[in-house]
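Structure, as structure tokens:
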Amino acid sequence: MKTLSMQKQEFNDVSLGDRLPKMEVPITTTLVTAGAIATRDYFPGHHNKDAAQELGSPHVFMNILTTSALVQRFVENWAGPTARFNDLRIKLGAPNYPGDTMVFSGEISNVDEQKKSIEVTLKGKNSMGNHVTGTVSVRLP
């Protein structure tokens, strides 16, 4: 098992169990609110701290579409521009609040020789636990 570097990956260079390099994402108010607005999610808990606190949250919290984009960024930064996403399946856990950091980690959990695709099992963890867990299937050149 080896930790892979951030670069263009080719199918023949990766193996089952290889680990992707970790990626840290500082969670800021700007990231949370901009992600919500960019994805047209105007739910007040994603951009209005007072509204979020009325709901019982200490601060605004990240929406699932921003989380999905960060998952894609994590895998895409490693796989490179010639990789093609086949599938992305995630589950949310602990919320992402401003002032925290989410750290992504992942490893290759399946290799399909016929399709030249791999599956990455990943998690994005913050100080409260796993914010996101899931799998991403990617075709590599």
Fit a plane to each ring of Phe74 and Phe104, take the angle between them on a 0 to 90° scale, and name the class: parallel (under 30°), tilted (30 to 60°) or perpendicular (over 60°). parallel
Before giving the answer on salt bridge (charged side-chain N to carboxylate O under 4.0 Å, His left out), spell out for Glu10 and Lys8 the whole-Å C-alpha distance, their side-chain angles and the decisive distance to 0.1 Å. CA-CA 7 Å; Glu10 294 193 8; Lys8 176 184 166 194; 3.8 Å; yes
His46 and Thr33: side chain donor to acceptor below 3.5 Å: no
Are the aromatic rings of Tyr42 and His47 close, with centres under 6.0 Å apart?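 No; His47 has its ring centre 6.0 Å or more from that of Tyr42.
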Would you name the heavy atoms of [X] and [Y] that are closest together and state the gap between them?
X: Asn86; Y: Val138; value: ND2-C, 3.8 Å
X: Ile90; Y: Leu88; value: CG2-CD2, 3.8 Å
X: Phe43; Y: Leu55; value: CZ-CD1, 3.4 Å

Without swapping roles, check the side chain of [X] against the backbone of [Y] for a donor-acceptor pair under 3.5 Å.
X: Asn130; Y: Val132; value: no
X: His131; Y: Gly93; value: no
X: Asp100; Y: Ser127; value: yes

Report yes or no: do Val103 and Met128 belong to one cluster of Ile/Leu/Val/Met/Phe/Trp/Tyr joined by side chain heavy-atom distances under 4.5 Å?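 Unlinked, Val103 and Met128 end up in two clusters.
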Pick from Lys49, Met62, His59: which one makes a side chain to side chain contact (heavy atoms under 4.5 Å, CB included) with Pro98?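 Of the listed options, the one satisfying the test is His59.
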Do you know which of Thr135, Leu20, Val75 makes side chain to side chain contact (heavy atoms under 4.5 Å, CB included) with Leu122?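 Single side chain to side chain contact (heavy atoms under 4.5 Å, CB included) partner of Leu122 among Thr135, Leu20, Val75: Val75.
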